[in-house]
Every structure is written in C-alpha cells, then in structure tokens.
Amino acid sequence: MSTLNKTYPSVAVRVALLKKLKTQIKKQEKEICEALAKDLGKPTFESMLTETQFVLAELRHTIKHLRGWAVPKRIPGSMLNFPAKEYIYQHPYGRVLIFAPWNYPFQLTLAPLIGAVAAGNSVVLKPSEMAPNTGAVIKDILTKVFDIKFVTVIEGGPLLAKELLKQQWDYIFYTGSTAIGKEIYQAAAKNLTPVTLELGGKSPCIVHESASLKVAAKRIAWGKFVNTGQTCVAPDFVLVHESVKQQFTQYLISAIKDLYGENPEENTDYGKIINKKHFQRLIGYLEGTKISHGGTSNETSLYIAPTVVDNPSLQSAVMSEEIFGPILPIISYTYEKDLDTILKKYEHSLALYVFANNKEFTNAIIENYAFGGGCINDTLVHLVNNQLPFGGIGNSGIGKYHGKYSFDTFSHSKAIVKRSKLENPLRYAPYKKKTKLIKLLYRFIN
Ligand code: NAD
C-alpha cells in the first residue's frame, strides 16, 4: 500500500458530502425561501421551482451518477501502443473559485458548487452581495456541511472579488455580466487559469406567422415575467411577423393579466426589482417609448409592472442593452431578410426562442444562428433537463454545466497508457523498411 498523501477526497467521501448537503438544504428549505422573498420578493412556488427543488434535483442526479462518471474509463487501445491498456482518468483541478450573481442567488451559487465538489475540488465561493439574505443562509448551510478547508463561503462585493482574483486558482467559475466576465478572463489569463463564464446578453424570441399565437403569448409572458424578468435566459425582445403582431400583442396582454391580475403590484405571485440602481436603469429604458401595456412603477417598493413596449427603435437603449427586467419590446418584421438583419446586429445570445409551426423555418434558425441554447415553441425550459448542457457562446459565455457537464467542467481528463514489459519494436530504430508499416498502422489506428 502506498504511503503517499491523499490530496483529494475519494469519490465515496464526495458522495457522502453531497448527501449531507441534500439533507441540510431540505431541512432549511423554508429559510432559503424566506431569504429569497426578502431579497427579490420571490413567491415560494417560484423559489422552489427555480431554486431549491432545482438544486435538489441536481444533487440527486449527481449523487446517483457520480461513481459512474468518476471511474477511470478504459478506451479501445491504439495499435501503435500495443500491447497496452488505455484509460481516461478524471482528475480534480484543485482549488476552485466560484462567483455567483443575485438573480437566482441560491441556484446559481449551489449548482456550480455541486459540480466542483463532485469532481473533488476544494471551493471558495462568493455569493452575490446584492442578495445578502440568501448569501447568509448559503453560508450557514455550507458551514454546517463542509469542513472550512474544503468549502469556504466569503461574503463581499467587487472589492473582495478583485482581491480574490489576485490569488492563484486552479479553476474560476463566474456567473454574471459580460462586462465583468471580461475582467475575470483577463485576471485568469495571468496564471493561465481555466474558466467557465456564464454571462448574459439579449436573447431574441421569434414569433413566426405560422405560430399558435395564444400558446406563444402565454409561454412568452411566463418566461419573461417570472422572477420579474430578472432571468439571464428570459426573452429579451420579441420579433413578430407583421401580419400577426396585433393579434399576438392582444394575446400577450391577456396572458399577463391572467398570470398577475389587473394590479400585479398587489399580487404576491409577482416579485420586485433587486435594488434602486437596477430600478432606475429599467425606468430609464421606458423614456420616449410607446407603451402598449404596463409602464407603471413604485420606487419605494421597487415595483415595475409587466410592461410591453411597441416597436422601439433598434438604436434605443432598450434595444441596445440587456434588459434584465420586466420590459418586453415587440418589434415587427415583414421579410425573413429583415429578421436576419436584426438577429445579426446582436452578439451571440445566451438563449433564443422560436414560436412557429413550420419545421423548415425552425430548423433554419437552429442551424444558421449561434446562441447558447433555446426552445422551439417554449421559453426557459431547456434548463430543466440536467442532461442538457447549459452555457453561452461568444459574448454570452464560455463553457457549459449542469449534471455530467458540471462534473466534466471541474475535472481534468487525464490520458493514461498502462504497459507491461511486453515489447513492440516498431517505434525503435533502425527504421529501415518500416515506413510502409507505419502508414498502414496509422490508417487502422483505432
Ligand atoms: P455582476 O457581474 O455584477 O456580478 C456577478 C458577480 O461578480 C457577483 O458575485 C459580484 O460581486 C462579482 N463582481 C462584481 N464586480 C466585480 C469585479 N469588478 N470583479 C470581479 N467580480 C465582480 O452580475 P450581476 O448583476 O449579478 O448579474 C447580471 C448579469 O449576469 C446579467 O447580464 C445576466 O444575464 C447574467 N447572468 C448570467 C447567467 C448565466 O447562467 N449565464 C445567470 C444569471 C445572470
């Protein structure tokens, strides 16, 4: 038996820790939901749907499959290495730094943590300072579950984040804005630290003339106004065919009323904006626009009504920046070439949604445009299945996670060839007439 020190926790230890985490989250679920209500006015149902139960599902899936993911995989051997056994070993990176945002402050902190721990890394985690109540519960839970040397929660804002970035890490996982994501990438580059950047952007939602308009309106209203529009994959704006725009807008307004009633301010199923800064940013977007629905607000309670904006200019602020709030611009298009021009005006988005009953059209959108992920005839739900990768492309991010993708993200795949003393003379000089043989062997290499 080797006397070398064990640097990383065994798979059995990791499974035990994840089970302990699951139990603790279940015990404190009510507290988590209360914290989310304080930070974001989240209704308990939404907190469970998008935060606590989501995380518990991720934990169950990881606990169930971790042994299978972590076991060294034997792969078919190469003729050139014969006789040998060839493997891929999954190795923890080491010390991982995780920065989380405020909009789904529990889910977006815990989901990457699960992957990092499952892969055997130690973690320093910084929840968002803008959701302090949730941050405090996260710290309480993780302190109860993990040894502080293995998982450490540090609370603080950008100053602390910058200090942390001065240290050397083996992996950095960041969720937040594209602007800060670029700073993270630069800081990581100094030490060649690998990163996952889960960023944002303007996610388009296309409504084709063939779409089932009532269904489209309901699903878009839900995807846009859940969490008061503060969702990284929320439809940012709708591009609707001119011929169905009026009908679609009417259905959309009805759907909003069905979801939140005539006065959403008094509806406990509708949340609030995270803080004054974001409130003012969002109100600023409404200046000079034509509002088809909503538009009312209350700075004291940080309330902004679900708002529909009619055909704003593509140069306006609301069509230039990621909205990240309950404002939905509706832009009409007549020809597909106009649609193409608008889509190509923007950086690659984190999500894209298409409502259409026309396979040729939906396939053309999927195949011709780069975006993180999306849905045909729905919004947001591509996040639900933890066997689907989640992540952006270009300006909306680097890397992917959820389920096994998280485990892979936080693991280095190590190639190992195991040989015995049996010899294969091919590679050794004198080479003489081996040229033909090497060509042949490379042809049948695997
Ligand atoms: P943010 O970039 O302001 O903050 C995210 C994290 O970075 C926080 O922990 C914050 O403290 C830290 N931070 C802030 N300034 C920093 C700095 N200068 N250096 C290092 N770290 C710093 O983002 P946010 O406002 O919390 O989130 C909103 C954005 O995040 C939106 O663009 C949204 O689309 C995106 N987002 C993406 C995802 C995703 O999964 N891709 C999820 C949620 C939010």
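Remember, predicted model here, so these are calculated numbers, not experimental data. Counting starts at 1 for both ligands and their atoms, following the listed order.
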S.K.: Near Glu198, which atoms of ligand 1 are under 4.0 Å from a heavy atom of that residue?
M.R.: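 In order of number, 37 (C), 38 (C), 39 (C), 40 (O), 41 (N).
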S.K.: Need the ligand 1 atom indices (1-based, order shown) with element for anything under 4.0 Å from a heavy-atom of Leu108.
M.R.: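 What qualifies from ligand 1 is 42 (C), 43 (C).
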S.K.: Give the numbers and elements of all ligand 1 atoms closer than 4.0 Å to a heavy atom of Glu183.
M.R.: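 Contacts of ligand 1 toward Glu183, numbered from 1: 18 (N).
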S.K.: Counting only N and O atoms by type, is there a donor-acceptor contact under 3.5 Å from the side chain of Lys20 to the main-chain atoms of Val145?
M.R.: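 Answer holds: yes.
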S.K.: How does Ile180 reach ligand 1, by side chain, by backbone, by both or by neither, if only non-hydrogen atoms under 4.0 Å count?
M.R.: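 Side chain only.
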S.K.: Could you check whether any side-chain heavy atom of Pro105 comes within less than 4.5 Å of a side-chain heavy atom of Leu36, counting everything from C-beta outward?
M.R.: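 The answer is yes; the side chains approach within 4.5 Å.
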S.K.: Nearest protein heavy-atom contact for atom 7 (O) of ligand 1: which residue, which atom, what distance?
M.R.: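 Answer, as residue, atom name and distance: Tyr174 CE1, 3.3 Å.
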S.K.: Between Val233 and ligand 1, which part of the residue brings a heavy atom under 4.0 Å of the ligand: side chain, backbone, both or neither?
M.R.: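 Answer for Val233: neither.
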S.K.: Below 4.0 Å from any atom of ligand 1, is there a heavy atom belonging to Ala100?
M.R.: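 Yes.
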S.K.: Verify whether one side chain among Tyr285 and Ser316 offers a donor that lies under 3.5 Å from an acceptor in the other.
M.R.: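 Not at all, the side chains of Tyr285 and Ser316 share no donor-acceptor pair under 3.5 Å.
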S.K.: Main chain of His208, side chain of Asn358: is a donor-acceptor contact present, judged purely on distance under 3.5 Å?
M.R.: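 Here the side-chain-to-backbone pair does not exist.
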S.K.: So which protein heavy atom does atom 5 (C) of ligand 1 come closest to, and at what separation?
M.R.: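 So the nearest neighbour among protein heavy atoms is Thr175 O, 3.5 Å.
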S.K.: Evaluate Thr178 for polar contact with ligand 1, using N/O atom pairs at a separation under 3.5 Å.
M.R.: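 N/O-N/O distance under 3.5 Å: no.
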S.K.: Within the 4.0 Å heavy-atom shell around Pro101, which atoms of ligand 1 are there?
M.R.: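 So the atoms of ligand 1 that pass are 26 (O), 27 (O), 43 (C).
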S.K.: Would you say Phe54 and Phe106 make side-chain contact, with heavy atoms under 4.5 Å?
M.R.: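 Heavy-atom side-chain distance check fails, nothing below 4.5 Å.
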S.K.: Taking only heavy atoms of Lys162, which atoms of ligand 1 are found under 4.0 Å from at least one of them?
M.R.: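 Contacts of ligand 1 toward Lys162, numbered from 1: 18 (N).
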S.K.: What I want to check is whether the side chains of Tyr335 and Asp340 have a donor and an acceptor closer together than 3.5 Å.
M.R.: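 Tyr335 vs Asp340: no donor-acceptor pair found between side chains.
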S.K.: Just so I know, are the side chains of Met319 and Tyr346 near enough to count as touching, which here means a heavy-atom distance under 4.5 Å?
M.R.: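 Yes, close enough: below the 4.5 Å cut-off.
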S.K.: So which heavy atom in the protein is nearest atom 26 (O) of ligand 1, and how far is it from that ligand atom?
M.R.: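 Answer, as residue, atom name and distance: Trp102 CD1, 2.9 Å.
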S.K.: So, the side chain of Thr379 versus the backbone of Arg219: is there a donor-acceptor pair under 3.5 Å, distance only?
M.R.: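 Pair found, side chain donor or acceptor close to backbone of Arg219.
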S.K.: For Gln230, does its backbone N or O pair with a side-chain atom of Thr228 as donor and acceptor, under 3.5 Å?
M.R.: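 Absent.
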S.K.: Run down the list Pro158, Pro105, Cys232 and name the one with the heavy atom closest to atom 15 (N) of ligand 1.
M.R.: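 The option holding the nearest heavy atom is Pro158.
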S.K.: Is the closest heavy-atom distance from Phe390 to ligand 1 below 4.0 Å?
M.R.: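 Distance cut 4.0 Å: Phe390 passes for ligand 1.
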S.K.: Under a 4.0 Å threshold between the charged nitrogen and the carboxylate oxygen, would Lys38 count as salt-bridged to Glu34?
M.R.: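 Answer for the salt bridge query: no.
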S.K.: With respect to Ile274, which candidate in Lys276, Lys272, Lys277, His278 satisfies the side chain to side chain contact (heavy atoms under 4.5 Å, CB included) definition?
M.R.: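 Passing option: His278.
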S.K.: Would you say Glu29 and Thr52 are linked by a side-chain donor-acceptor pair, where the criterion is simply a distance under 3.5 Å?
M.R.: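 Side-chain D/A pair, Thr52 to Glu29: present.
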S.K.: Nearest protein heavy-atom contact for atom 41 (N) of ligand 1: which residue, which atom, what distance?
M.R.: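 Result for atom 41 (N) of ligand 1: Leu199 O, 2.7 Å.
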S.K.: Atom 21 (N) of ligand 1: which protein heavy atom is closest, and how many Å away?
M.R.: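 Nearest protein contact, heavy atoms only, for atom 21 (N) of ligand 1 is Ala161 CB, 3.1 Å.
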S.K.: For atom 23 (O) of ligand 1, what is the closest protein heavy atom, and at what distance to 0.1 Å?
M.R.: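 The closest heavy atom on the protein side is Ser177 N, 3.3 Å.
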S.K.: Where on Leu350 is there a heavy atom closer than 4.0 Å to ligand 1, on the side chain, on the backbone, on both, or on neither?
M.R.: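 The side chain, only.
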S.K.: Among Glu321, His278, Glu129, Gln107, which one puts a heavy atom closest to atom 10 (C) of ligand 1?
M.R.: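 Looking at heavy atoms only, Glu129 sits closest to atom 10 (C) of ligand 1.
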S.K.: Any idea which part of Phe324 is under 4.0 Å from ligand 1, heavy-atom wise: side chain, backbone, both or neither?
M.R.: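 Phe324 to ligand 1: side-chain contact only, backbone stays beyond 4.0 Å.
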S.K.: Tell me which protein heavy atom sits closest to atom 43 (C) of ligand 1, plus the residue, atom name and distance to 0.1 Å.
M.R.: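 Checked against all protein heavy atoms, atom 43 (C) of ligand 1 sits closest to Asn103 OD1, 3.2 Å.
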S.K.: Under 3.5 Å, is there a donor on one side chain and an acceptor on the other for Glu242 and Ser332?
M.R.: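 A pair is found: one side chain offers a donor N or O, the other an acceptor, under 3.5 Å apart.
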S.K.: Give me the nearest non-hydrogen protein atom to atom 30 (O) of ligand 1 as residue plus atom name, then the distance to 0.1 Å.
M.R.: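 Nearest neighbour among protein heavy atoms for atom 30 (O) of ligand 1, to 0.1 Å: Gly176 C, 2.9 Å.
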